[in-house]
Amino acid sequence: MNRYEPLKIEQKWQKIWETEKPFKANEVPNQPKMFLAEMFPYPSGAGLHVGHVRNFTIVDVLTRFYEQQRLNVLRPFGYDTFGLPAENYAIKTGISPQSATKTNIDNFRKQAKKLGFAIDWDREINTSDPEYYKWTQWCFLQLYKKGLAYQKESYQWWCPEDQTVLANEQVENGKCWRCGHEVEKKKMKQWFFKITAYADELLDEIDNLEWPEKIKTMQKNWIGRSVGAEIDFKVTESSLKIKVFTTRPDTIFGATFLVVAPEYPYLDVLTTDDTRETVLNYKAEALKKSEIERQENKEKTGVFTGSYAINPATKEKIPIYVADYVLAGYGTGAIMAVPAYDERDREFAKKFDLPIVEAKLCDRDLFGTPKTIYRMRDWLISRQRYWGCPIPIAYDKEGNPHPIPEDQLPVIIPEVEDYQPDHSGHSALAKAKDWLKVKIEVKDSKTGKTHLEEMTRETDTLDGYACSSWYLWRYASPHDETAAWDQKAIKYWEPIDYYVGADHAVAHLLYIRFWCKFFADEDYLPFREPIKRLLYNGYINAPDGKKMSKSKGNVIDPLDVINDGYGADTLRTYEMFIGPYDMDAAWDPRSVGGVYRFLNRCWTLCFDSEFAKTSSEGHPQLLRGRNEEPREDGRDEHPEEDGFANSLFSRHKTIKKVTEDLHRYNFNTAVAALMEYVNELYKIGASEEDLITLAKLLKPFAPHLASEMLEKLNSDDEWPKWDEKYLIADIVEIVIQINGKLRAKLTVNASDLEDEEKITKLALKDEKIKKYTENDIKKTIFIKKAKLLNIVI
RNA sequence: GGGCGAAUGGCGGAAUUGGUAGACGCGUUGGACUCAAAAUCCAAUGGUAGCGAUACUGUGAGGGUUCGAUUCCCUCUUCGCCCACCA
């Protein structure tokens, strides 16, 4: 007798898919397309984890579901390979990031192939491949040309451990998102992308996205639009004016003092001889304070600067303070304090004994000019790291930046011996002395003549998020040597229909929207939102409910699950069955066994001669068919054997349920419906049509087993359709309630559902109901749709 | 402190528009097969009482709306995630 041997079957089909490339995507005009992808992984040395498998399998289930419906499906794959882990590994071991990345990609690819994903492997992309980052640099230059990539000196988050600056969203609770070291503020000249130029559109378009509400809210909060006004306060005995931003310009009569941030550029001017020492001390302390300290101690601190300003509404002289509860990077870095209306100002006023005036409100734009500002800052993109996409810029002798001409791209990352950053704030790229020098053609502004000038390359690299801000478009024409993306391919495939991930709620998903809008403005993209639908899947935790981690030793390796003999089909199906896709779930090894048993039962139905009593006529073991006549009185002697055990009904019910569940991404209940179907087929027997239907519906989850079944059954895999006529029963069960409580069930002809009176009569004749209805019946409520009669007594 | 979400058997979870709570899986118990075990198959399985039909009870707690509430409203508790001095 044959046994279900998943590893054998899976090897067979993976080989077939490798050679026949059935998932290769081509543009077919007039055929509807479907483009799906997961957020491409960072290929770590540890290989795939169960979270990847969940993420990729969701994409794969949808890919195969639409493929089986004969849409033209594109499902590519790629690797997000720049980043600190590979560089830190290089510093430690001397193995180059280039080489480690190649090893890791090879491993990831091998593992992904073991899972049987329907990937077009000819479209693989890798962000650290010069063929790819050439075009990342091209993107940078387009932004640079339009003034949306610019340099600015400012205080930045600096990770002393990783020796690099960090973007705001890479600082988590005052710590570096990569190494967990406390970050500091450091004043540096850095490159930025002007994402704030698109703040309004990025915010306004959110409501139209088919994205989870959670993500949409987070993006809205991140952008954080505030509508208010800017008001000038004249400083006494000085020509200086302090510009403040407020959302409540109507409260200006209550403004009894001003507060500026410790980083405020004109703080020096505001200090007097008397206050200089205390102010400078305070500033030094504030800058030294880590973000954690600022968060932990919310007690207001500050000192008087020694200067006063005139409140333009009251004409009163009010003191100017410096305090770290005012943030340098938001608004103008200075506020008018209205302690009567603002809790923080009140707290400060109480502590420093400043007047709290309950003044009248005035017209909003009486003393200032209307102004809208955003919480979102421009995107800091320089990283003082080696393993990133080099910024295509060089500096002349005066230190002015010049773009590397497009025909000189890519700026290749040079090989170095030592990957350690020096402690001057430069990446290891600064050690590649030959690479640093570059000759660039410049035009003399006076003579108009051009000459080659030797310049020094930028040694900062781009934030990895830049590389992932356009890769979805590269998927459309991944090997195009003449452009970042081909216009025809873009028009056909994009924007992506389903994007699936479990991370990057704000950063990546905001940056890619920003680039999309920019490139749409430059006529490189025919759409302004890159992602139609976003599915955000939950994490998989260890069996103990805690996060999996090497140090806790509770990591489940998906490859172990396969190699233990369960196979990829069980692993995939289990991860879909584990719970709602968007919720976190805990791994349960025993449930894996349950899913294996289910697939084993599918196999047995199809291949075990004991069970494979198939016939083209179908229904060999009907318990009691729907085609049987019901009894005269509508009662059923054997309600437990009611015609649910009917082949056509079961089949069409299952097709409907699985199809609708997949449209709703209810993968767990779709698998449950298949289990139910198999259980029913065990009872009533399976016709060939049943087995074909089962295999087709199973294929998105367990493609190897389903392919094996379809091969034996000599069937294609086209997604089946259900017919409502088989779902209409001639006998139905009516629930009889007394005061909303279930008391009895009646089985009647379906046509009787139209006859409320008849059903009420039948119900009142029922022995179980009779004992409740001796007294008067107040009323009866019949709900046809719910097949329910409620008798109120 | 603010925002969002969640709470259902021994466990993971289902219930799609306010209409039979607990689908499906795990676990447990009993049975079949076997010299035996594994595997497989069949059956039972929210709790309490009862041999049983059945009755009562039951979706975090309390209240409300309704013929009827896991579902809607109010108050509270706990947990999770995100943001956190944003003027």
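Here is how names work: the chains are called A, B, and so on, in the same order as the sequence lines, proteins then strands, and each is numbered from 1. We use all heavy atoms of the structure for the numbers below, so side chains are in, but hydrogens, waters and symmetry mates are not.
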Touch class at under 4.0 angstrom, heavy-atom based, for K657(A) against every strand present: base
Upstream residue (5' side of RNA chain B) when G593(A) and P580(A) are each assigned their closest nucleotide: P580(A)
Integer angstrom distance from the C1' of A53(B) to that of G60(B): 35 Å
Sugar-phosphate, base or nothing in reach of R743(A), heavy atoms under 4.0 Å: sugar-phosphate
Crowding at NZ, K787(A) (>12 non-hydrogen neighbours, <6.0 Å): no
Shortest side-chain distance from A786(A), nucleotide among A87(B), G25(B), G19(B): G19(B)
Quiz item: cation-pi between K241(A) and F233(A), 6.0 Å / 45°: no
Candidates G19(B), G27(B), C83(B) - which lies nearest the side chain of R375(A): C83(B)
Beyond-backbone contact of L789(A) with V735(A), side-chain heavy atoms, under 4.5 angstrom: no
Pairwise C1' distance, A44(B) and G10(B) [rounded to whole Å]: 16 Å
Closest nucleotide among G19(B), A87(B), C67(B) to the K779(A) side chain: C67(B)
Whichever of T332(A) and L788(A) has its nearest RNA chain B nucleotide further upstream toward 5': L788(A)
Counterpart base for C41(B), defined by Watson-Crick or G-U wobble contacts under 3.5 Å: G31(B)
Listed nucleotide nearest any side-chain atom of A672(A), set U20(B), C24(B), C42(B): C24(B)
Whole angstrom value for the distance that separates C1' of G13(B) from OH of Y581(A): 17 Å
Atom pair distance, as rounded to whole Å: CE in M218(A) and C1' in G5(B): 13 Å
Base of C81(B) paired with side chain of K214(A) (donor-acceptor, under 3.5 Å): no
Whole-Å gap separating P (G68(B)) and CG (N739(A)): 7 Å
Euclidean distance for C1', U17(B) against U71(B) (whole angstrom): 10 Å
Presence of donor-acceptor pair under 3.5 Å, side chain of R664(A) and base of U16(B): yes
Whole angstrom value for the distance that separates P of C24(B) from CD of E680(A): 9 Å
Atom of L202(A), atom of I195(A) and distance for their closest heavy-atom approach: CD1-CG1, 3.8 Å
Base-pairing mate for U16(B) - Watson-Crick or G-U, with both contacts under 3.5 Å: none
Selection from C41(B), C67(B), A87(B) that lies nearest to any side-chain heavy atom of T247(A): A87(B)
Contact under 4.0 Å: R601(A) side-chain N or O vs C42(B) OP1/OP2: yes
Contact under 4.0 Å: S226(A) side-chain N or O vs A87(B) OP1/OP2: yes
T246(A) side chain, from C-beta outward: closest of G25(B), A87(B), A23(B): A87(B)
Base-pairing mate for A6(B) - Watson-Crick or G-U, with both contacts under 3.5 Å: U78(B)
Distance, C1' atom - from G58(B) to A37(B), rounded to whole angstrom: 41 Å
Sugar-phosphate only, base, or nothing, as touched by N666(A) at under 4.0 Å among non-hydrogen atoms: nothing
Separation of A14(B) C1' from L674(A) CG (nearest whole Å): 15 Å
Donor-acceptor pair under 3.5 Å, K787(A) side chain vs U20(B) base: no
Euclidean distance, atom OH of residue Y574(A) to atom P of G12(B) [Å, nearest integer]: 12 Å
Conformer about C1'-N of G9(B) - syn within 90° of 0, anti elsewhere: syn
Nearest-angstrom distance, P atom, C56(B) to A69(B): 15 Å
Sugar-phosphate, base or nothing in reach of N221(A), heavy atoms under 4.0 Å: nothing
Closest nucleotide among U17(B), C67(B), C85(B) to the K785(A) side chain: U17(B)
P-based separation of C26(B) from U20(B) [nearest Å]: 26 Å
Y330(A) side chain near A87(B) phosphate (N/O to OP1/OP2, under 4.0 Å): yes
Sugar-phosphate only, base, or nothing, as touched by Q737(A) at under 4.0 Å among non-hydrogen atoms: base
Opposite nucleotide pairing with G52(B), Watson-Crick or G-U, both atom distances under 3.5 Å: none
N/O donor-acceptor pair, side chain K741(A) with base U57(B), under 3.5 angstrom: no
For G22(B), the Watson-Crick or wobble partner whose two distances fall under 3.5 Å: none
Carboxylate-amine/guanidinium proximity below 4.0 Å for D582(A) and K214(A): no
Out of U20(B), A87(B), C24(B), whichever nucleotide has its closest atom nearest the side chain of M675(A): C24(B)
Side chain to side chain donor-acceptor pair (under 3.5 Å) contacts touching residues 587-600 of chain A (sequence neighbours left out): D588(A)-S591(A)
For atom CD1 of I783(A) and atom C1' of G19(B), their distance in whole Å: 7 Å
side-chain N/O N790(A) vs U20(B) OP1/OP2, d < 4.0 Å: no
C82(B) versus C11(B) - spacing of their C1' atoms, nearest Å: 29 Å
Ring geometry between H504(A) and H508(A) (parallel below 30°, tilted from 30 to 60°, perpendicular above 60°): perpendicular
Touch class at under 4.0 angstrom, heavy-atom based, for N679(A) against every strand present: sugar-phosphate
Touch class at under 4.0 angstrom, heavy-atom based, for I578(A) against every strand present: sugar-phosphate
Salt-bridge contact K657(A)-E676(A) (side-chain N to carboxylate O under 4.0 Å): no
R597(A) side chain near A39(B) phosphate (N/O to OP1/OP2, under 4.0 Å): no
Presence of salt bridge, E724(A) and K656(A), under 4.0 angstrom: yes
D588(A), nearest nucleotide to its side chain (from G3(B), C82(B), C26(B)): C26(B)
Rounded C1' spacing from A87(B) to C76(B) in Å: 33 Å
Protein-nucleotide distance (L742(A), atom CG; G58(B), atom P), rounded to Å: 16 Å
Any N668(A) side-chain nitrogen or oxygen under 4.0 Å from OP1 or OP2 of A14(B): yes
No-hydrogen, no-angle side-chain donor-acceptor test under 3.5 Å, T693(A) and Y677(A): no
